[in-house]
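Right, one structure below, let's go through it.
Just so it is clear: chains get the letters A, B, ... in the order the sequence lines come, proteins before strands, and each one is counted from 1. These numbers come from the heavy atoms of this one structure, side chains and all, not from hydrogens, waters or symmetry mates.
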Protein chains: 2
Amino acid sequence: MNLKQLSESLGLSQTTVSRALNGYPEVSEATRQRVQDAAHRHNYRPNTRARSLATGRAHMIGHVIPISTRHEMMNPVFSDFIAGAGEAYAKAGYDMTLSIVPDDAEDATYRSLAQKKTVDGIVIHGPRANERRIKLLQDLDLPFVVHGRASAEDSDYSWVDVNNRRAFSRATELLLDLGHRRIALINGLEDMDFAIRRRQGYEKALRERGLDPDPELGASDEMTEHYGYDTARRMLAGDTPPTAFLVSSLISAIGVRRAIEESDLKMGRDVSVITHDDELSYLGNGKDVPIFTATRSSVREAGRIAASTLLELIEDPARTPRHHLLEAELMLGRSTGPAPQES
Amino acid sequence: MNLKQLSESLGLSQTTVSRALNGYPEVSEATRQRVQDAAHRHNYRPNTRARSLATGRAHMIGHVIPISTRHEMMNPVFSDFIAGAGEAYAKAGYDMTLSIVPDDAEDATYRSLAQKKTVDGIVIHGPRANERRIKLLQDLDLPFVVHGRASAEDSDYSWVDVNNRRAFSRATELLLDLGHRRIALINGLEDMDFAIRRRQGYEKALRERGLDPDPELGASDEMTEHYGYDTARRMLAGDTPPTAFLVSSLISAIGVRRAIEESDLKMGRDVSVITHDDELSYLGNGKDVPIFTATRSSVREAGRIAASTLLELIEDPARTPRHHLLEAELMLGRSTGPAPQES
DNA sequence: TTACGTTTCCAAAGCGCTTTGACACCTCTC
DNA sequence: GAGAGGTGTCAAAGCGCTTTGGAAACGTAA
């Protein structure tokens with residue numbers, strides 16, 4: 001059933017039916033009722049293709065995910081973000097498209113989405129410190145929101161981010177307060193902006209106590225379980241092993257725990273661990289008492305906020321960029337304790 | 001730049017330009033070259049909205065994910081499937097939409113996608129044994145592929161699935177061969193078809209050796225880390241604890257391992273574990289030697305296969321339903337060993 | 001020369017919706 | 001009772017593309 005058939009069956013023009021359904025004031029309440037009833041009865045829903053051609057609005061938001069051997073974007077953190085954003089879209093009657101593309105085709109994909117007019121806006125994931133996509137989208141004149149920030153970018157743009165620096169300096173301070181002096185940082189890839197900020201927080205806290213970060217105790221890579229395991233294993237086997245780990249992802253933290261246990265040590269007693277916890281729906285950090293002491297911030301919530309910020313931007317293009325800085329909570333769990341006494 | 005402008009700039013009609021770009025034979029090679037060059041130079045790309053209105057094809061595949069407090073679909077397994085499917089779509093010039101909807105609105109979402117003509121086809125995720133969505137989509141006349149199967153459905157439809165029954169009976173047999181007699185099954189929700197089949201495989205293997213499955217050693221729930229931990233903890237604390245666990249998901253297996261270690265037992269020596277491993281890109285099961293002995297089958301590959309099957313179905317609607325049964329490999333890792341001697 | 005295929009191109013219709021501009025019709029007001 | 005103002009409705013244009021049904025241009029054969 002399309003608009004034409006519906007209007008014929010009602011003996012009204014397409015104009016009137018369209019107006020009645022879209023809430024325009026030019027139709028009488030009586031006709032509106034009649035039209036709505038009929039539409040509901042026939043289960044009528046306007047053809048999106050035609051509607052967006054006519055209105056110029058696709059009611060569709062794009063997310064593009066580069067895929068490469070080196071850096072895997074399609075991770076649990078990402079999918080929780082998507083879940084949050086998706087909720088917000090669905091509520092507002094928007095759809096979401098995911099484009100999974102080889103990372104050398106990423107720019108082309110943004111251009112193409114803009115040219116083909118498939119989406120009304122875009123969310124940028126995983127910004128680098130120096131993020132060329134921001135300029136690209138500004139040039140393409142496509143509304144966008146960044147999940148994270150780009151330190152080296154000085155134009156104004158909308159973003160939603162966690163206060164990574166503060167979170168990691170607080171976590172480091174806690175470990176210092178517990179007497180730890182050799183604190184390892186198991187970080188994400190350090191071309192990613194969030195990883196840079198976390199390192200800054202970590203180093204700031206150390207320096208404020210007169211400590212210099214030991215390069216031996218820093219690692220940076222894709223945050224898999226295996227990376228956490230390998231790195232922790234190696235560090236623990238060193239001459240002056242760390243007494244505490246600060247980890248950028250719960251997934252890697254699970255690997256760190258495995259390494260600690262296989263080294264016949266006990267987490268929380270011999271070695272302390274603090275991890276960042278995105279509150280993933282699947283990889284919950286324990287139930288009542290957290291397994292890991294953690295800097296916690298729901299990435300799903302970030303997704304919701306990013307999505308609704310973007311929708312506002314689309315509804316009102318004149319609106320100036322908006323920024324949301326989320327503070328992470330520092331949750332005490334069972335993975336931290338006083339530094340073991342030198343023996 | 002749109003078609004009209006492009007054709008004007010070339011001094012050709014829109015028809016000719018359109019044909020030249022879409023590879024129709026009615027244009028001379030010379031004009032085609034000229035047109036393609038110009039299109040490339042102006043970075044022209046046809047407006048999707050207009051194109052799909054004209055052709056009746058959206059070049060878009062829908063995935064709908066119900067969201068509920070009870071059952072969380074947006075899990076790492078799902079996102080790896082999506083990543084695989086997305087690759088296939090991108091290669092074929094298709095886009096993918098994700099609809100995240102409350103689970104009581106799921107049927108309405110399918111109807112709406114069909115009515116609004118937003119997508120050309122749909123992938124059904126997480127089928128139950130008795131799956132009403134199959135009938136629904138058949139009625140809506142929308143091409144679809146199921147990731148998994150529905151035991152109680154007897155109409156013919158396209159699906160991609162792992163041989164869950166075989167995988168779990170082989171895994172059970174391995175444990176039996178190692179001398180284990182008390183084998184626990186930590187399964188997914190048993191209204192899900194895959195969980196039912198896995199249980200069938202498990203029970204079949206036990207019965208063939210004259211053993212009856214012990215209801216005390218069976219559990220069924222959403223496969224979180226915490227569920228694995230809790231269940232294993234409880235079972236290990238029982239009067240006659242299991243000597244081996246068969247787990248439906250790597251995520252829960254991680255919880256099982258945590259429970260084993262906290263019970264001061266050693267996995268692979270005191271207690272054996274076999275898990276199903278979807279080859280998630282993030283939660284790799286070790287690197288060289290697997291951490292867990294596992295039934296392995298790449299869910300990402302399943303996504304690729306499902307997507308291309310669906311695309312074939314769309315290109316040629318007359319095609320009969322297609323089925324892909326993937327066999328899981330049984331990978332030996334470090335989590336299994338001979339059953340400890342009764343003492 | 002005419003007739004007839006081929007090749008190459010085009011004008012116009014159509015996809016299903018929104019929106020503009022106009023037109024009846026009614027109700028007030030002076 | 002005429003003009004002003006409001007209300008409810010409609011015909012038609014337009015969104016940007018594809019595709020149908022010609023038609024001109026150009027051989028080639030009779």
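A sub-4.0 Å separation between OP1 or OP2 of D:dT9 and a side-chain N or O of A:S28 is present. For the OP1/OP2 pair of D:dT9 and a distance below 4.0 Å, the side-chain nitrogens and oxygens of A:T16 include no atom meeting the criterion.
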| message | Is there a side chain to side chain contact (heavy atoms under 4.5 Å, CB included) between A:E279 and A:E301? Walk through the geometry before answering. | response | CA-CA 9 Å; A:E279 284 194 60; A:E301 180 63 17; over 6 Å; no
| message | Between B:Y157 and B:H323, does the ring pair (Phe, Tyr, Trp, His ring centres under 6.0 Å) criterion hold? Intermediate values first, please. | response | CA-CA 8 Å; B:Y157 56 90; B:H323 315 132; 7.1 Å; no
| said: Working note: A:T48 + A:H59, criterion side chain to side chain contact (heavy atoms under 4.5 Å, CB included); need CA distance, chi angles, decisive distance, verdict. | reply: CA-CA 9 Å; A:T48 354; A:H59 280 259; 5.8 Å; no
| request: Report the C-alpha distance between B:Y110 and B:L137 in whole Å, list the side-chain angles of each, state the deciding distance to 0.1 Å, and finish with yes or no for side chain to side chain contact (heavy atoms under 4.5 Å, CB included). | output: CA-CA 8 Å; B:Y110 287 107; B:L137 286 176; 4.0 Å; yes
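No donor-acceptor contact under 3.5 angstrom links the side chains of B:T109 and B:S112, judged on distance only. For A:S28 and A:T31, the side-chain atoms include at least one donor-acceptor pair closer than 3.5 Å. Side-chain contact of A:R45 with A:N2: a donor-acceptor pair under 3.5 Å is absent, judged by distance alone. The closest side-chain donor-acceptor pair between A:T15 and A:S18, if any, does not fall under 3.5 angstrom. In the model, A:E153 has no side-chain atom that pairs as donor or acceptor with a side-chain atom of A:S151 under 3.5 Å.
With a heavy-atom cut-off of 4.0 Å to chain B, the contacted part of DNA chain C has its first and last nucleotide at C:dT8 to C:dG16.
Ion pairing of A:D139 with A:K135 is present here, as a side-chain N (NZ or NE/NH1/NH2) and a carboxylate O approach within less than 4.0 Å. Ionic pairing of A:R304 and A:D80 is not present here: no N-O contact between side-chain nitrogen and carboxylate oxygen is shorter than 4.0 angstrom.
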| query | When every nucleotide of nucleotides 20-28 of chain D is labelled 5' to 3' by its protein contacts under 4.0 Å (heavy atoms), B for base, S for sugar-phosphate only, - for none, what sequence of letters results? | reply | BB-------
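Axis angle, first five pairs versus last five pairs of the helix from C:dT1-D:dA30 to C:dC30-D:dG1: 70°, rounded to 10°.
Checked against side chain to side chain contact (heavy atoms under 4.5 Å, CB included), B:A85 has the following partners two or more places apart in sequence or in another chain: B:H63, B:Y89, B:A307.
Of the two residues contacting DNA chain C, namely A:Y24 and B:V27, the nearest-nucleotide position lying further toward the 5' end is that of B:V27.
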Would you mind writing out the side-chain donor-acceptor pairs for residues 91-98 of chain B within the sub-3.5 Å range, not counting sequence neighbours?
unit_1: B:Y94; atom_1: OH; unit_2: B:R57; atom_2: NH2; d: 3.4
unit_1: B:Y94; atom_1: OH; unit_2: B:E315; atom_2: OE2; d: 3.2

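Following rounding to the nearest Å, A:L10 (CG) and D:dG8 (P) show an atom-to-atom distance of 17 Å.
For the contact set between residues 44-62 of chain A and DNA chain D, defined by any heavy atom under 4.0 Å, the members are A:L53, A:A54.
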